[in-house]
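Below is one structure, written out as structure tokens; the observations come after it.
As a basis for the values below, the full set of heavy atoms in this structure was taken, side chains included, without hydrogen atoms, waters or symmetry mates. Each chain gets a letter, A, B and so on, in the order its sequence line appears, and its residues count up from 1.
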2 protein chains.
Amino acid sequence: MSLKYAVLAALLEGEASGYELSKVFDVSLANFWPATPQQLYRELERLAGDGLIEARTVPQERRPTKRLFSLTEAGREQLRAFAAEPTRRPTAIRDEFLIKMQAMDGVDPDRVRELVEERRSWALGKLARYERVRERLLDGRGEEEHLRDSGRVGPYLTLLAGITFERENARWCERVLTVLRERRAPAGPAGQPLG
Amino acid sequence: MSLKYAVLAALLEGEASGYELSKVFDVSLANFWPATPQQLYRELERLAGDGLIEARTVPQERRPTKRLFSLTEAGREQLRAFAAEPTRRPTAIRDEFLIKMQAMDGVDPDRVRELVEERRSWALGKLARYERVRERLLDGRGEEEHLRDSGRVGPYLTLLAGITFERENARWCERVLTVLRERRAPAGPAGQPLG
DNA sequence: GAGAAGTACTGAACTATTTGAATAGGTGCG
DNA sequence: CGCACCTATTCAAATAGTTCAGTACTTCTC
């Protein structure tokens with residue numbers, strides 16, 4: 001249901017092919033509505049059928065021909081109407097890793113540490129990518145300046161949300177690693193670690 | 001795929017009926033794997049068929065008979081194995097509200113403010129509920145003490161993740177509200193607001 | 001010059017998730 | 001008394017999302 005509007009919102013950045021969108025939905029941006037390429041191609045077909053986007057075929061020299069989609073006025077209008085409606089469904093987080101953490105007390109602490117460290121470096125990697133997108137959006141200006149004067153602030157603000165999410169994710173991992181250490185070697189008065 | 005382990009992990013807290021689980025999955029706990037009652041009943045059926053949980057029928061005085069499910073040794077073992085495996089799929093966030101925010105620049109700022117304020121109070125409400133669960137888990141002890149000495153820390157740590165998430169959510173909303181104010185009345189040297 | 005990986009897309013089958021309703025007695029409110 | 005909501009579960013149907021594979025040509029690397 002919302003994939004429709006996620007695609008329309010993505011096309012606010014300008015025309016894009018299904019392939020290009022699948023990159024955006026996969027890696028870049030604070031991705032708050034994941035979608036596989038197959039989903040996107042299907043949705044683009046539907047939206048074009050409903051006249052909310054229009055396709056333009058672009059033959060290329062050394063690559064397969066691509067179809068670039070852009071918003072029609074009708075699409076823009078529907079997106080605007082959607083964005084002004086009250087939010088129906090609450091945020092849904094699906095996180096396999098947190099299920100593992102919920103059950104971590106039955107697992108070898110060394111193994112848990114490994115999993116948490118993996119998660120941490122993954123979060124830091126994503127954070128670094130977000131920061132690069134941020135630099136590009138700010139384009140040399142300061143944040144306050146940009147937020148006061150720029151034409152569009154939506155993309156920057158959602159990016160900030162993604163940045164905060166991954167930063168706190170990494171911090172949480174560090175907290176867990178500390179807890180694991182403390183539980184392994186409880187601090188005695190002399191602070192002597194046990195074998 | 002992961003719903004299976006989410007259910008097994010929930011049953012680590014003790015036996016529960018489908019109805020009780022649907023409450024837990026819906027409101028309480030840092031909910032990182034949402035599921036509807038229908039999904040849960042089906043999954044419980046499947047897990048019982050596979051011998052990972054076992055059912056016990058409990059007739060009640062003034063309520064319908066319920067079936068309480070609890071982990072079998074096989075279920076506990078599979079959960080343990082799952083929790084030690086590397087995480088396959090990354091965190092997926094589905095957030096209709098952030099799609100609206102991405103497209104907010106085409107919408108009346110007063111309407112956007114309303115939506116953000118609604119989101120903020122929703123986040124604060126959830127935060128308050130999490131804090132109550134936290135008090136119950138800590139049971140009078142300090143956090144450090146609990147994390148060092150308690151038998152199980154998984155549930156507390158995932159709860160902390162949920163608390164951080166909602167706290168940062170509320171903070172993000174406040175940031176956005178400030179930005180909206182600044183854009184409406186840009187601060188001049190005399191700081192005089194415009195009509 | 002072979003193999004891997006990237007661009008760009010399509011198709012079919014499958015699994016997961018959501019929605020709506022039905023059953024059936026109990027409790028609380030005015 | 002009647003209405004709405006709570007406990008407890010089940011069934012059926014619709015929608016959404018995932019997985020696997022395949023086409024076809026290009027560029028990069030060993």
Could you give the CD-to-P distance, from A:Glu45 to C:dC9, as a whole number of Å?
10 Å
For the pair B:Glu54 and B:Thr72, evaluate side-chain hydrogen bond (donor to acceptor under 3.5 Å, both in side chains) and give the outcome as yes or no after the intermediate values.
CA-CA 6 Å; B:Glu54 55 192 8; B:Thr72 61; over 6 Å; no
Determine: side-chain N/O of A:Arg89 to OP1/OP2 of C:dT19, distance under 4.0 Å, yes or no.
yes
For a side-chain hydrogen bond (donor to acceptor under 3.5 Å, both in side chains) check, start with the C-alpha distance between B:Glu143 and B:Tyr156, then their side-chain angles and the critical distance, and finish with the verdict.
CA-CA 9 Å; B:Glu143 175 171 285; B:Tyr156 186 83; 2.5 Å; yes
Closest-nucleotide ordering on DNA chain D, the 5'-leading residue of A:Ser2 and A:Arg63:
A:Ser2
May I have the distance from B:Lys66 (atom NZ) to D:dT9 (atom C1'), rounded to whole angstrom?
13 Å
Examine C:dC9: is either OP1 or OP2 under 4.0 Å from a nitrogen or oxygen in the side chain of A:Tyr19? Give yes or no.
no
Rounding to a whole Å, what distance do you find between A:Gln39:CD and D:dT19:C1'?
12 Å
By nearest heavy atom, map B:Arg46 and A:Leu68 onto DNA chain C; which one lands nearer the 5' end?
A:Leu68
Calculate the interatomic distance between A:Lys4 atom NZ and D:dT15 atom P; express it in whole Å.
14 Å
Check this for me: does the side-chain of B:Gln38 come within 3.5 Å of the base of C:dG20 through a donor and an acceptor?
yes
Whole angstrom is fine here: how far is it from CG in A:Leu44 over to C1' in C:dT10?
13 Å
Calculate the interatomic distance between B:Glu20 atom CD and D:dC6 atom P; express it in whole Å.
16 Å
Are A:Phe165 and B:Phe165 an aromatic pair, judged by ring center distance below 6.0 Å?
yes
Verify whether one side chain among A:Arg119 and B:Thr91 offers a donor that lies under 3.5 Å from an acceptor in the other.
yes
Students often get this wrong, so: under 4.0 angstrom with heavy atoms, is B:Gln60 touching a base, only sugar-phosphate, or nothing?
sugar-phosphate
Phosphate-side-chain proximity, B:Tyr41 and D:dT10, N/O vs OP1/OP2 below 4.0 Å
no
Tell me the interatomic distance from A:Leu40, atom CG, to C:dC9, atom P, rounded to whole angstroms.
11 Å
If you compare every side-chain N and O of A:Thr65 against the phosphate oxygens of C:dA8 (OP1, OP2), does one of them come in below 4.0 Å?
no
5′-ward residue of the pair B:Ser17/B:Arg94 relative to DNA chain D
B:Ser17
The salt bridge (charged side-chain N to carboxylate O under 4.0 Å, His left out) partner of B:Glu15 among B:Arg67, B:Arg56, B:Lys66 is B:Arg56
Which part of the nucleic acid, if any, lies within reach of A:Arg42 when heavy atoms closer than 4.0 Å are counted: base, sugar-phosphate only, or nothing?
base
Can you check the B:Met1 CE to D:dT18 C1' distance for me, whole Å?
12 Å
